[in-house]
There are 2 protein chains.
Amino acid sequence: MWRHVTPDAARRMLIAAAHAFADKGYHATTTRDIASLAGMSPAAVYIHYRSKEDLLFQISKIGHELSLSVLSDVPGKDPVERLSNAVSSFARWHAEYHTTARVVQYELGALSPEHHATVVELRRGIEGRMRSIIAEGVEAGLFDAPDLRGATLAVLSLCIDVARWYQPTGKRTPEQIGALYADLVRRMLMS
Amino acid sequence: MWRHVTPDAARRMLIAAAHAFADKGYHATTTRDIASLAGMSPAAVYIHYRSKEDLLFQISKIGHELSLSVLSDVPGKDPVERLSNAVSSFARWHAEYHTTARVVQYELGALSPEHHATVVELRRGIEGRMRSIIAEGVEAGLFDAPDLRGATLAVLSLCIDVARWYQPTGKRTPEQIGALYADLVRRMLMS
DNA sequence: GTCTATATCCCGATAGAC
DNA sequence: GTCTATCGGGATATAGAC
């Protein structure tokens, strides 16, 4: 997931920050916590990042881009299959990468106005892609969703909230959650 | 919602804290913010509460108790109607009281271990009530939910996440959200 | 009960040696 | 690039007058 981040120390710092932010929240995490988790001194944070907020922004940006990519070129021979695949992948992503997903979904408010605007744009893309998949099914007469935006909101909401309750020690694997959710959504929308 | 809290200054402080915690998060909120919102001096917080965390606990406890009460004695002539009423009320509560609901759902981690244990107990009650309503429908052969706990989790999750995305300036009223969600859940579970 | 003033601590970020 | 040491600011909570 962080494989493109270089050099090595910068990547370790980002991973440490993501874990700390997910665990305790952005404001409760100190730069000393992050440095310590990465096995470096408090000052080392500022060699690779301008500020603690910059660290948050990098995590948020990369996380949003990845969750957006999950909804790109979703395979499927018809809208029903495409929606199932989209929901299954998107829900599974929020379980599999629940650490990053929590930062992505719950620390938006700690971003600077400029950085916040950047990720809001990415979020618009995510909503747009899910909406167009649902819209295809509605146009083909396969889905019954009189309130298209409301249905899109509910589907995204269901998947996103997985990041809140998911526990790796729980009895459901990310794959099982994806399959369960794809089935629930199919029943929710099919006419 | 806070009508039982007395004296007046203590109630104003609790309301101020709930708004600040929901808006910026617990850790980003200072006791000066809270006092200032309540129109009092920074020291006044400690006349009515032992600490900032105590303020959070009171909000969390009252909020959990209220959202639990919403799932008590849900009316309905059959399991289908009872589930619709439960989902509609529970989702509506998370929209109507989204300020408190955000504190309830997203600031659990800032509670002391003892206080955290108390609200976890209340949360078990919430899950139990929703699960028994769904179980009634399964036993009557009306719902198709092979994974009862998984279905309960998904239904609660859908309603809870309303607190994250709901905006009073949006075009859907809490009542409309409740009705939309009751319908989605009914389709999700009915056999 | 409420205030002003302050004790005590810890945070984000920087300076400067190596 | 990484360290040790530290600055400047702001946090929670308390002391003591009224």
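Every chain is numbered from 1, with letters handed out A, B, ... down the list of sequences. In this text, all values refer to a predicted model and were calculated from it rather than measured experimentally.
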**Study point:** Euclidean distance, atom CG of residue A/L55 to atom P of C/dG12 [Å, nearest integer]
**Key:** 11 Å
Review point. Phosphate oxygens OP1/OP2 of D/dA11: is one of them under 4.0 Å from a side-chain N or O of A/H27?
Key: no
**Study point:** Fellow cluster residues of B/V120, listed by chain then number, with links counted only when side-chain atoms sit under 4.5 Å apart
**Key:** none
Point to revise | Integer-rounded Å distance: D/dG1 P and A/R11 CZ | key: 14 Å
Check your understanding: For D/dT4, does OP1 or OP2 lie under 4.0 Å from any side-chain N or O of A/S41?
Key -> no
Review point. Rounded to whole angstroms, how far apart are NE2 on A/H48 and C1' on C/dT14?
Key: 16 Å
Exercise for review: Taking atom NZ of A/K61 as the centre, report whether more than 12 heavy atoms of other residues, nucleotides or ligands fall under 6.0 Å from it.
Suggested key: no
**Study point:** Nucleotide nearest A/I47 (side chain, heavy atoms from C-beta), chosen from D/dA13, C/dA15, D/dG1
**Key:** D/dG1
Exercise for review: Could you check B/F143 against B/L83 for side-chain contact (heavy atoms from CB on, under 4.5 Å), going step by step and ending with a plain yes or no?
Suggested key: CA-CA 10 Å; B/F143 299 156; B/L83 179 63; 3.7 Å; yes
Review point. Quick one: B/M13 CE to C/dT2 P, roughly how many Å, whole number?
Key: 7 Å
Check your understanding: Would you call the rings of A/Y181 and A/W165 parallel, tilted or perpendicular, where under 30° means parallel and over 60° means perpendicular?
Key -> tilted
Point to revise | A/R12 CZ - D/dT2 P separation (whole Å) | key: 7 Å
Check your understanding: Can a side chain N or O of B/Y46 be found less than 4.0 Å away from OP1 or OP2 on D/dA13?
Key -> yes
